[in-house]
Amino acid sequence: MNKLNIFCMLLIGISCIIHTGSSAQAANLLNDPGFESSSPDGSFPNSGHWNSAWLGEAGAGCTTTAAHSGTAGLWEYTGTATTDWWAGPFQDDITANEGEIFIGSAWVRSHSFWVSGSQALVRLTFLDKAKTPLASKDSLAITSAESGWQQLSVQTAPAPAGTAYVKYTLYLEKTSGTAGQSIALFDDCTLERSTQPVLSISPITLGFGADRTSLTFDIQNSGNDVLSWAIAKNVSWATLSATSGTTTTETDTVTVTISRTGLHLSAFEGVLSVTSNGGNQEIHILIEVAPSREVPELPAIVSSEGYRLMVQRRFYDGTLDIPRPYTIKGAAWSPASIGTLSDVTS
């Protein structure tokens, strides 16, 4: 084998490694995310994927001076009038489903033209089929002038019921009613579906009435990949049908069974701690304990200790509590003062 063949094989191996690594990355759901498919001539991006949205003389244009990388970026600005206070170019044709989680980001830089109180950020909004907003989440915002390039990222909560689309917005605003202009630059935008599992539990409170001994709760994965979970409890009177498991799209149902044996008080509370690779959650257990008898066979014991009245409460099983001071709390009021009391009572 000659040196040329060896060199070619090395190149092929390197190419395979690079290809394998890139295929493992989540796909960018945005079109023209770096504005390289639009003309950098100062006009609004003309790739056909970005939508204009702003008030009055605000706006946005594709320019070379707004590029973080490549040859183009988005130059976004508010108007100078008090009523022209925001701009928000967006893409809203990305399909989404209930329970999905999205991660968005962009490289952002504020300009020297900047009104105090302004902010530039990335916003993700879930929309229904009619593209009516259902819920939104903002990234951290740039709030000062000449910030330099910063990558702003935002991760949503699971998409609510009725979700059909996710809207990606590059948002710039100044305080409404403020004169002056703010300018921010946006480039290298990304929008991805989360590849991480997300723990979702329902319900997170279990209430056992006096006639209930078992209840259930569901564990679901609202994200992607495999969710691994485990449960720990802080009480001995509750048992679980399962203490660990994994789930992708299926629902894991856990049954909690309680025993009231030996419990003398009227109510108890416990906590189930669920830990997972997709977050943690506590489930609170509340139980009522019905008395074993209407009245204990033996009475409580009352005694005095100096000026204090001491009571030993009798439990339903016949055992006694420790002596405790009996405290009477209250207030009395009379319209007659001490000096006039004799006149009132005579």
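Here, residue 1 is the first one in the sequence, and each next residue gets the next number.
Although no hydrogens or angles enter the test, the distance criterion places a donor-acceptor pair under 3.5 Å between the side chain of K174 and the main chain of G79. Panel note: side chain K233, backbone T239; no donor-acceptor pair is recorded below 3.5 Å. For E36 (side chain) and T71 (main-chain N/O), a donor-acceptor pair under 3.5 Å exists by modelled atom type. Between the side chain of T247 and the main chain of Q220, no donor-acceptor pair closer than 3.5 Å is present. Formation of a donor-acceptor pair under 3.5 Å by the D218 side chain with backbone atoms of T251 is not found in this model. The backbone N or O of V122 lies less than 3.5 Å from a partner atom in the side chain of S139, making a donor-acceptor pair. Although no hydrogens or angles enter the test, the distance criterion places no donor-acceptor pair under 3.5 Å between the side chain of E282 and the main chain of S273. Under the 3.5 Å distance criterion, the side-chain polar atoms of S241 are matched with a main-chain donor or acceptor of T255. A distance-only check finds no donor-acceptor pair linking the side chain of N277 to the backbone of L227 [under 3.5 Å]. No donor-acceptor pair under 3.5 Å is formed between the side chain of S153 and the backbone N or O of S105.
By the criterion of side-chain heavy atoms lying less than 4.5 angstrom apart, applied directly or through intervening Ile, Leu, Val, Met, Phe, Trp or Tyr residues, I219 is grouped together with L215 in one hydrophobic cluster. One hydrophobic cluster, built from ILVMFWY side chains closer than 4.5 Å, holds both L170 and I142. Criterion: ILVMFWY side-chain heavy atoms under 4.5 Å apart, direct or through other members. Under it, V235 and I258 are part of a common hydrophobic cluster. Follow the hydrophobic side-chain contacts under 4.5 Å out from I204 and you reach V256 in the same cluster. Under the 4.5 Å side-chain heavy-atom criterion for Ile, Leu, Val, Met, Phe, Trp and Tyr, W114 and L121 are members of distinct hydrophobic clusters.
Taking a 6.0 Å sphere around CG of L140, one finds it holds 12 or fewer heavy atoms contributed by other residues, nucleotides or ligands.
A donor-acceptor contact closer than 3.5 angstrom links the side chains of S39 and N46. A donor-acceptor pair shorter than 3.5 Å cannot be found between the side chains of T80 and Q181. Judged purely by distance below 3.5 Å, without hydrogens or angles, the side chains of S194 and E192 never pair a donor atom with an acceptor atom.
Atoms CZ and CZ, from R212 and R260 in turn, are 10.0 Å apart once rounded to the nearest 0.5 Å. Rounding to the nearest 0.5 Å places CG of L29 at 9.0 Å from CG of N31. For the atom pair CG (L134) and CD (E98), the distance works out to 10.5 Å, reported to the nearest 0.5 Å. How far CZ of R123 is from NZ of K167: 9.0 Å, rounded to the nearest 0.5 Å. The CZ atom of F102 sits 12.5 Å away from the OG1 atom of T190 when rounded to the nearest 0.5 Å. Atom-to-atom distance recorded for L172:CG and H111:NE2 is 12.0 Å, nearest 0.5 angstrom.
Looking at Q155 and I103, their side chains come closer than 4.5 Å, going by heavy atoms from C-beta outward. Annotation: side chain of S118 is not in contact with side chain of T78 (no heavy-atom distance under 4.5 Å). Side chains of R314 and I301 form a contact here, defined as non-hydrogen atoms less than 4.5 Å apart. By the 4.5 Å heavy-atom criterion applied to side chains, D225 and T195 are not counted as neighbours. Counting only heavy atoms from C-beta outward, the side chains of T163 and E100 never approach each other to under 4.5 Å. Between F90 and T125 there is no side-chain heavy-atom pair separated by less than 4.5 Å. Side-chain contact between E269 and H284: present, with at least one pair of heavy atoms (C-beta onward) separated by less than 4.5 Å. I283 is not listed as a side-chain neighbour of I231, based on a closest heavy-atom distance of 4.5 Å or more.
With sequence neighbours excluded, the residues forming a side-chain contact (heavy atoms from CB on, under 4.5 Å) with L55 are W85, W86, listed by chain and number. In this view, D128 satisfies the salt bridge (Lys or Arg N to Asp or Glu O under 4.0 Å) rule with no residue, not counting sequence neighbours. Residues satisfying the side-chain contact (heavy atoms from CB on, under 4.5 Å) test with P40, not counting sequence neighbours, are C62, T64, A72. Annotation: side chain to side chain donor-acceptor pair (under 3.5 Å) contacts of E57 (sequence neighbours excluded): none.
For the ring-ring contact (aromatic ring centres under 6.0 Å, His included) condition, no pair includes a residue of residues 156-178, sequence neighbours left out. Note on residues 55-74: pairs passing ring-ring contact (aromatic ring centres under 6.0 Å, His included), not counting sequence neighbours, are H68-W107, H68-W149.
Checked against F35 for a ring-ring contact (aromatic ring centres under 6.0 Å, His included), the options W75, W50, F186 give a single hit: W50.
Aromatic ring centres of F208 and W237: separated by at least 6.0 Å.
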Dump the intermediate steps for side-chain contact (heavy atoms from CB on, under 4.5 Å) on V254 and W229, then the final yes or no. CA-CA 12 Å; V254 179; W229 54 266; 4.0 Å; yes
Given L298 and L320, is the side-chain contact (heavy atoms from CB on, under 4.5 Å) satisfied, shown in steps? CA-CA 10 Å; L298 297 173; L320 283 169; over 6 Å; no
Test side-chain contact (heavy atoms from CB on, under 4.5 Å) on I287 and I285 and set out the steps. CA-CA 7 Å; I287 72 171; I285 310 172; 4.0 Å; yes
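Considering all non-hydrogen atoms of both residues, G117 and T175 come closest at O-OG1, 3.7 Å. Contact record, T243 with L240: CG2-CD1, 4.1 Å, taken as the closest heavy-atom pair. Contact between C189 and L30 at its shortest, heavy atoms only, is CB-CD1, 3.6 Å. When all heavy atoms of H49 and D32 are compared, the closest pair comes out as CD2-CB, 4.2 Å. Of all non-hydrogen atoms in T63 and G42, the two that sit nearest each other are CG2-CA, 3.9 Å. Here the closest non-hydrogen pair linking A300 and Q312 is CB-O, 3.1 Å.
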